[in-house]
Structure formats: structure tokens, C-alpha cells
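Have a look at the structure below before the remarks.
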Number of protein chains: 2
Amino acid sequence: MPTIRDVARKLNISITTVSRALDGYADVSEETRQRVIEAAREMGYVPNRAARQLRRRRTDSIGYIVPAAKPQFADPFFAEFIAGLGDEAASANYDLLVSTAPPNSAEEQALYRRWVQGEKVDGVILNRTRLSDWRVDFLRENKIPFACLERSLDQAADFLGVETEIEGGYLELLGHLAAQGHSHIAFIGADAGLKLQYDRLQAFQKSLTALHIQPRPDLIATGDLTPEGGYQAMLRLLTSEHPPSAVVCVNDLTAIGAMHAAHNQGYVVGRDIAIAGFDGVADSAHTQPPLTTLDQPVYTIARTLTRLLLKVVAREEIGERVVTIQPNLLIRASSGGKK
Amino acid sequence: MPTIRDVARKLNISITTVSRALDGYADVSEETRQRVIEAAREMGYVPNRAARQLRRRRTDSIGYIVPAAKPQFADPFFAEFIAGLGDEAASANYDLLVSTAPPNSAEEQALYRRWVQGEKVDGVILNRTRLSDWRVDFLRENKIPFACLERSLDQAADFLGVETEIEGGYLELLGHLAAQGHSHIAFIGADAGLKLQYDRLQAFQKSLTALHIQPRPDLIATGDLTPEGGYQAMLRLLTSEHPPSAVVCVNDLTAIGAMHAAHNQGYVVGRDIAIAGFDGVADSAHTQPPLTTLDQPVYTIARTLTRLLLKVVAREEIGERVVTIQPNLLIRASSGGKK
DNA sequence: TTATTTTACCAAAACGTTTTGGAAGGGGCA
DNA sequence: TGCCCCTTCCAAAACGTTTTGGTAAAATAA
């Protein structure tokens, strides 16, 4: 593998000039620069990243730790999310470091320590933020830039990231359900410590109130963002004293499990019971019946998060620190909306 | 951020000793080692990775580039796959670098060059191998270890990775379909350049022959491993002159699209037509109807690939270079097998 | 002409580790 | 005692860059 020294020797110039030529400095003549670029190309010279990182004190990498509760998980949300992060990072010549750790576990702490304090990453992407999130405190303390998908409770002015405007979407969704005659509407949520659960449940309840429907505590069930969790929660709802006629799920995977449970209990989803999800990712167009959902552009969100983060990392002027995104209601057959 | 020098100064010993104490060398007394470890812990010292990489000439990272054709893709296979890679890597104190690039694109080439020649990774994980795969040639040339999920045609003795024993699984699956009385069985595949398409189509045809069913070219359709691709291919099959009564799909996502198309055409999947997938990942238990599929343990496969790769990277004695995995036939309602 | 600025280059230091090749001191043995 | 071998430690070199603080030559100004 040729080093910068080899290139310099070949052209009979100093390594300084090679370095500065390739980095686009003005104090190297256009002619020399072209010769350097040409020689580097033909020798197959690629700067050694470790050396560059060591000297520049930055890594040109950002990190993302998948908050996967179980080892075996297969959430298409993350496939799309990671693709977005990776693409935006690559287009800025950054690398993306990925790992997995259960939320609030010792592994998670160890990973963040290793990445942040070992100076492996210049910034971090966070999602599935928790109401009280040690990661936020830790990153703040260590002065590592980070961008979040959901704003945790104690993030005020310094918040950097993307927020989904949920309330409007939920009001629209629940209005749609109410228009179908539903008034017995349940919610299948997730761990109460998650910001997204907090937001979505709150928006759900607010929307009920706005529609003059009395919220009922026995219609709030808890899943775990997986189809299995949705399946079990739906089973409990359907075998309770007053089963709902419509169910709003915290994400698409939960809704898929819920549809399965309803079907197994003899319901025809979309006729006997209405079910809706959130995310718009999980092949939701191809479920049977197709799933009504609040679609949010996961890939775009991921790119936006990365773009924001990299601006801060590079200390560039940043226009807006918060990008707000409106979810888009997709009415499909699962809510009886249309064939 | 404290450096090794700070630790050494605090204890009044040389940085050599600190380094060697932490790395577990024998030529430092147990007492000194304990003092070093204690001091490092309390000062919050974490070795700078760039410096270590530069000196040791290795990165303690492996890379994986998601072969995503479109920017927006949401294949749960990859979520589970990446989780497996990340977990195994993390447990060996390695990091996982991830990016995305369309197969055979210029971006793909640029990424591999950057990672390999810039010495960003010690090894690479490959999947969706192509029959003639420039990545294999490139990595071989540059003498970078890599592990593959599918064996490309020109990889003989030097192959390192996991192979799925497909033929047995397909024979079992097709036997199951034949037992239901199906003889008009179609196959929805993927790009002909992919090794997995080659393998699965070949296994499909061999199994037909073994069951004394005449393979028919007009029952071979092509998708693109996505639900959309499966949907379109299925539509073409169903509107052809002799529509099939059973369809085997190259993966679960294709099967999900195919089920959707069949339903839209008025078929009841599992009664009027049988459909099967491959992977066992995609929430296949929760589709409507639940999908018959050849289940392969994606998470375990990913961990195994990483384990093999890291052994080679660390130049450890490696037992077997090839791990063979048997897919497991899961008979569910979509093939009419059971309720 | 001489003085000043601009252009184009470079030597050497620095980044924080790991590794090499010793060296000091103590104990065992003849 | 003298010799050798452990044990435990260390100074210095090396890894491949980027950055600092220049200098020499050429161009421009006075």
C-alpha cells in the first residue's frame, strides 16, 4: 500500500506539498496539484485514515446503536433508518459505525463509553429516546454532538434533531375512525419510558377528547413494538369485557400482530374491527388487508438527522436545529376506509 | 481526555509499562498492573483508537455494505442480519462499519476502495453474492479477509463463509406442495446474476424433476426481492394462459407481494392458491394468512459469518472454513397446509 | 535600482499509541 | 565470589498523516 511518502518521492517533492495538494490548499500551484492528483490516482494512493484521524483529532465517523431489546429482531424500520444514515454519511465522506445493545443495559453503556471516550466517533445518532435518558446526559457531559429522532423531556433549547408532529396526524386518524362510527377505540402502546409512547399516547388521548369521546383506561394496552407484543395485547383487549371496535397501534409491527390476533379470533379486519398503525414502513401496503397507517418518511428522516449532525460536527453554520415532519395519513382497508 | 501519558505520570512509571499492563503482558508485576488498572479506571482513561490503529496496523473494525438497489428499502432481513453482525463484532471488541450502495454501482466501488485501501477495515462481510462478483476479485487482490453468505461460482477451496443447504429444503417444500395435489407450480425469482437466485431456481427445478413434474419455462417469473416485485410478477403469472396453483417465492418479501396480488385477483390464499417464501424473517408468522416458508436463522448466520471472519483476521487456527446450515420448513396456512 | 509582496514550496513537530531492544537489580548456583 | 538467569521496568523508534512556521524565488511596487 503506497503512502504519502511514496507519492512525494516519485514526484520529487515534499510530503507536505502532496498533502496540501490533495486537500485543496491554495498554496500549491495548479500544475503541481494536477501532477500530484494524477500520480496518486495511478499509484492507487488512499490516505491512511488512522494517521489522518490521529493528527486531525477527528474520526470522520458517526455512530448509531440500534436499541434492540432482543437479539433476534427484524424491524424494517431499522433497515430503512440505517440505510438513510449510511447514505447521507457516505455522501459527506463520513463513515457510519453501527452496533446493537438492549436499552439501558450494561452493554449499551460500555459501547457508548468506548465510542465516545475512545474517540471513535465525531457524533452520535439517537432514536427511541427515553423520557429520562442517560445517553443524553452522557453525550452532553462529554460534549459529543448528537442528533435525536424524539426529543426527550429535558432537552430544551439545545435540542438537535427531528420531531414528528404527531398531534395533527392522530386527530386526522381518529377523526377518520370516528367518521366510521367508532367510539370504542383502543390504543396498543409500548414501554411507558419511551418518548414516542408518551407522545403518541398523549396525542391519542387529546384527539379523543377533541372528538368528545371519553377516554377509557381499560382500552389502553401495552405491547413492545413487535408483532408478538401486538398479538398478545390485542388478545387481551378482545377477550376483555368490552372489546374495542377500533384499535390504534403505536407502530406498524404492533398493528400487524394485532391484525393477526383479530383474525384468529374470528374477526374480519376492516369490517368487524378497524386497525391502524404508525410508520408506513413495514410492507404495510402489502399486509392483508392493507394497513391504514400514519406514514412518516423514515429514510428521509434518517438523512435529515445525519445532515444536521454533520453540520454541527463540522461547526458549520446551521440554519434550523429542529426539523419538524408531518406524518401522512394513509387510509387503507384495515380501517374499513376503502377497498 | 486523559492519555496514556497522564496515567504514567500519575503513577510515576513509563508509558511502556502502562501500555503493557493494560494489554496483559507478562513482564509487568501483578501489583503494578493492579495499580495501573485502578488508576486508568478512576481517571477514565480509554486508549485512543486512531493511535492504536496506526501503530498496530489494524483497525479492529469489519465492514458490511448493504446491497440496496433502491435508496428506500425496508427489508427486515437486513435489520436482523446487521444486528447479528454487530453483536458478534461487539462481543469480540470489534466495531462494525456499515454503508449502503446499489449492487455494481460506482458508489459501491468507491466505498470498497475507500475502506480497503484506506485501511478502514480488517475484513469484510459479503452477501447477495453475484455469479461473477468483482468484489470477490477485488478483496482477494488486496488480500483483505472476507466472509460470504453465498458462495460465488469461482470460489473454490478458499471460500470462507456460510452456505445454506437449499436442495433438501426445496425438495421438502415441493413435496409438501405436491402432496396437496399441486403440479402446476411457479417460481418467482430475482435477478439472474445473483447466486441465491441461481441456487434456489436450480434447487426448485431439481426438486420438480425428482417429483416427476415437468418444469415449465412459462412458470418462471422474475421479481426483485421486494413486495412490489413479487406483486407485479404474481400479477403476470395469474393473468397468463395457464396460471399456477402454487407459487414458490425466492424470499419472504416477494411472497408477501405475491399474496397481496393473489388476493386482489380474488383468490383466497391457502385455499385457491398456495404460496411459499424463503427466510422466515419478515414477520412471516403474522401475515394473513401466515406464510409457509423455508426458515433460515438469519441472526445466527450473521454471527457465524462474523465469527469466521474474525478468526481469519486474527490469524487464529480456524476449524472449518465453511459452515453449512439447513433451512427449516415452516408449514403455515398460505400453502393450505394447516389452519 | 531597491523594497515589498506574493507565490510555491518544505523541514520538522505533533498526534497517542505499541513494540523493540535493552538494562538494572535480585536470587540461585557452582 | 563470580556467573547466569529471571523479573520488572524503560527510552526511543515507529506508524502515516496534518499543521506550523518558516524560506527562497519570482513578481510587483516604489
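The structure displayed is predicted, hence computed values, not measured ones. Heavy-atom basis, side chains included; hydrogens, waters and symmetry copies ignored. Per chain, numbering begins at 1; letters A, B, ... match sequence-line order.
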#### Entry: Pairing of E38(B) and R35(B) as salt bridge, 4.0 angstrom limit
no
### Query
Taking all non-hydrogen atoms of both residues, which atom of I15(B) and which atom of I4(B) are closest, and how far apart?
O-CD1, 3.7 Å
## Note on the structure
By salt bridge (Lys or Arg N to Asp or Glu O under 4.0 Å), R58(A) pairs with (sequence neighbours left out) D60(A)
### Task
Just call it for S19(B): base, sugar-phosphate, or nothing, with non-hydrogen atoms closer than 4.0 Å on any strand.
base
### Query
Do E107(B) and S91(A) have side-chain heavy atoms sitting under 4.5 Å apart?
no
### Task
Run the salt-bridge test on E108(A) and R114(A) with the 4.0 Å N-O cut-off and return the result as yes or no.
no
### Task
Give a yes or no on whether the ring-centroid distance for F81(B) and Y299(B) is below 6.0 angstrom.
no
### Summary
The correct set of residues in residues 53-63 of chain B placing a heavy atom under 4.0 Å from DNA chain C is R55(B), R56(B)
## Note on the structure
If each end axis of the helix from dT1(C)-dA30(D) to dA30(C)-dT1(D) is fitted on five C1' pair positions, the angle between them, to 10 degrees, is 50°
### Query
Would R151(B) and E163(B) pass as an ion pair if we require N to O under 4.0 Å?
yes
### Task
Determine, for D23(B) against R20(B), whether the closest basic-nitrogen to carboxylate-oxygen distance falls under 4.0 angstrom.
no
## Note on the structure
Applying salt bridge (Lys or Arg N to Asp or Glu O under 4.0 Å) to E317(B) and not counting sequence neighbours gives none
#### Entry: Ion pair D95(B)/R49(B), N-O distance below 4.0 Å
yes
Each nucleotide N or O in nucleotides 4-11 of chain D that has a protein N or O under 3.5 Å away: list the pair and distance.
{"residue": "dC9(D)", "atom": "OP1", "partner": "T32(B)", "partner atom": "OG1", "Å": "2.8"}
{"residue": "dC9(D)", "atom": "OP2", "partner": "S29(B)", "partner atom": "N", "Å": "3.0"}
{"residue": "dC9(D)", "atom": "OP2", "partner": "S29(B)", "partner atom": "OG", "Å": "3.3"}
{"residue": "dC9(D)", "atom": "OP2", "partner": "T32(B)", "partner atom": "OG1", "Å": "3.1"}
{"residue": "dC9(D)", "atom": "N4", "partner": "D27(B)", "partner atom": "OD2", "Å": "2.9"}
{"residue": "dC10(D)", "atom": "OP2", "partner": "S14(B)", "partner atom": "N", "Å": "2.9"}
{"residue": "dC10(D)", "atom": "OP2", "partner": "S14(B)", "partner atom": "OG", "Å": "3.2"}
{"residue": "dC10(D)", "atom": "OP2", "partner": "T17(B)", "partner atom": "OG1", "Å": "2.8"}
{"residue": "dA11(D)", "atom": "N7", "partner": "T16(B)", "partner atom": "OG1", "Å": "3.3"}
{"residue": "dA11(D)", "atom": "N6", "partner": "T16(B)", "partner atom": "OG1", "Å": "2.8"}

### Message
Using a heavy-atom cut-off of 4.0 Å across all strands, would you classify R5(B) as base, sugar-phosphate, or nothing?
### Response
base
### Query
Salt bridge between K143(B) and D158(B), side-chain N to carboxylate O under 4.0 Å?
no
### Message
For A68(A) versus T100(A), what's the shortest heavy-atom pair and its separation?
### Response
CB-CG2, 3.4 Å
### Message
Counting C-beta onward and ignoring hydrogens, is there a side-chain heavy-atom pair between V322(A) and T324(A) closer than 4.5 Å?
### Response
yes
### Summary
chain B vs DNA chain C, heavy-atom contacts under 4.0 Å, first-to-last nucleotide span, 5' to 3', is dG16(C) to dT20(C)
